[in-house]
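I have placed the structure first, in the form of structure tokens, so that the comments after it can refer back to it.
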Amino acid sequence: AVPIFWMDTDDHDLAEITRLTYMDVKQILQVTDCREKLYGAAPESVRPVGALELPEAIDAVRAEYVSRLAPSVRDADIGEILGFAYRAASRYSDAFARMMVRLFRGRGLLLFDPRDPEAKALLAPLFLHVAKRGDTLVSALLERGLALKQSRFQPQVEVQENSALLFMEIDGVRRALLRAKGHFVLKNEAVEFTQERLAGLLRKSPERFSPNVLLRPIAQDHLFPSVIYVGGPAEVAYFAQAAVLYRDSGRPMPVIWPRFSATVLDNDVRAIMKKHGITFEDCLSDRKTLSEKLARAGPGKAALARVSELRSEIERVLDELLPRLVEVDPTLGPALATARRKMRRNLDRIEGRLVQAGADSEIEYLLDYLRPNQNLQEREFSIHQLIARHGLQVLETLYSAIRIERPAHFIVEIESGKE
């Protein structure tokens, strides 16, 4: 068995690839869109992203990115890796491949670029089959999508009734191929194809065609029959729909297995958590809930306790007072209700101020590090962030922590400052 990484960079848009999320030198969460810095004010290209070339501006963007990362004696590590991978005149797919080669050196991983013309020639029979059976395949996908929704599972892809499950490049632009009353058209283009003409193009120029995201697993297995597919949450979810395409192709679907999932804690972060008496599970809650817990355990806990006692006492006294007031004057009941609402509101404000005071900058940093943008760390930070903080040895730490046989979310502890 050989591990293969299918580099389908065309499945991403330019905004995804040029968006950087990191903790900068001030330990503040930053999200930067580098499209304008790289390509100016020109509109985003609709060319396949994998074929786009990195402009000269990539050197300045790369240097700025490294300079904003938390300073470390290992700055040279991340600078060297990024300089090796992302350089001017390189295609995105080539830059990504160099990065993966550098990170997985000596691990036996094979990289495959599905844009290779010879590979597309091998995929031509599959594309022809899909073009001929488009009506049947899309109907099956629509039926599966409906069944998933009825089971309260949101499909990853909203399949269009006129989809052909294929893309076609025309003048360097990738367009979705659509079915239209016995023939085919390109989305947003005044170009039509009969079934015969499309079949001819598929045989003559298969390199101009590519599968959509649901057909991609079938294309992968067409070239490299897979025993097991290891993927993240989104990738795994695609197979709930792609299963109907596997059945049509007569190809068995590989075992679907979740990839290793982890949050990295260094000793600085663990020290903050210990100081405030909180766990990683606490950090999975929203900021307000965590702030309240911290405030009730911190310097403001005595004041918060007194506010809570005051709230209970006010409610008790007002409940006792209400029948006596109404007995004297029935109109005093609504007046008391208004006074109660105002007192509750003012106590809420005081309590909120106490909670806010308890959530200091350390907690903000902790949440940004463990739950950047309210997501798991692995969904926002790239490996660059960890290499910048801990050096290349973090890769060995992560490799040794992987437990692929037991699907779970792991905590990986790293000792900062140690080689």
Within the 4.5 Å heavy-atom criterion, are [X] and [Y] side-chain neighbours or not?
X	Y	result
Arg91	Val49	no
Val269	Tyr365	yes
Ile383	Leu395	yes
Pro211	Leu165	no
Gln385	Glu380	no
Leu223	Phe112	yes
Val173	Glu189	no

Please check if the side chain of [X] supplies one atom and the backbone of [Y] the other of a donor-acceptor pair under 3.5 Å.
X	Y	value
Arg259	Gly231	no
Ser249	Arg251	yes
Asp116	Ala119	yes
His390	Ile387	no
Gln241	Leu214	no
Gln377	Tyr369	yes
Arg203	Leu128	no
Thr397	Gln393	yes
Ser226	Phe224	yes
Ser90	Tyr86	no

Quick check with a 6.0 Å cut-off and a 45 degree axis cone: is Arg403 positioned over the face of Phe410's six-membered ring?
no

[atom1] of [X] to [atom2] of [Y]: how many Å apart, nearest 0.5 Å?
X	Y	atom1	atom2	value
Asp24	Gln30	CG	CD	4.5 Å
Lys187	Arg174	NZ	CZ	11.5 Å
Ser163	Leu137	OG	CG	10.0 Å
Leu284	Thr279	CG	OG1	8.0 Å
Asn346	Arg311	CG	CZ	10.5 Å
Tyr39	Leu52	OH	CG	5.0 Å

Please find the pair of heavy atoms, one from [X] and one from [Y], that lie closest to each other, and give the distance.
X	Y	answer
Ala262	Val412	CB-CG2, 3.8 Å
Cys34	Val61	SG-CG1, 3.9 Å
Ala240	Phe153	CB-CE2, 4.3 Å
Pro206	Ala121	CG-CA, 3.7 Å
Lys120	Phe127	CD-CE1, 4.4 Å

May I ask you to decide whether [X] forms a salt bridge with [Y], counting only side-chain N to carboxylate O separations under 4.0 Å?
X	Y	result
Glu235	Arg216	no
Arg341	Asp348	no
Glu378	Arg371	no
Asp59	Arg87	no
Glu415	Arg270	yes
Glu315	Arg344	yes
Arg35	Asp33	yes
Arg115	Glu207	no

For Phe209 together with Phe167, are the ring centres under 6.0 Å from each other? no

| said: Between Phe260 and His409, is the ring centroid distance below 6.0 Å? | reply: no

Take atom [atom1] of [X] as the centre, draw a 6.0 Å sphere, and report whether it contains more than 12 heavy atoms from other residues, nucleotides or ligands.
X	atom1	answer
Glu64	CD	yes
Glu161	CD	no
Gln374	CD	yes
Glu143	CD	no

**Asked** Is the Tyr65 ring parallel, tilted or perpendicular to the His384 ring (thresholds 30°, 60°)?
**Response** perpendicular

Original post:
Does the side chain to side chain contact (heavy atoms under 4.5 Å, CB included) test come out yes or no for Arg179 and Val138, once each step is laid out?
Top reply: CA-CA 10 Å; Arg179 296 175 293 110; Val138 170; 3.5 Å; yes

Result for side chain to side chain contact (heavy atoms under 4.5 Å, CB included) between Arg175 and one of Ile170, Val191, Val185 points to Ile170

Does the salt bridge (Lys or Arg N to Asp or Glu O under 4.0 Å) test come out yes or no for Arg389 and Asp77, once each step is laid out?
CA-CA 10 Å; Arg389 289 173 68 95; Asp77 287 344; over 6 Å; no

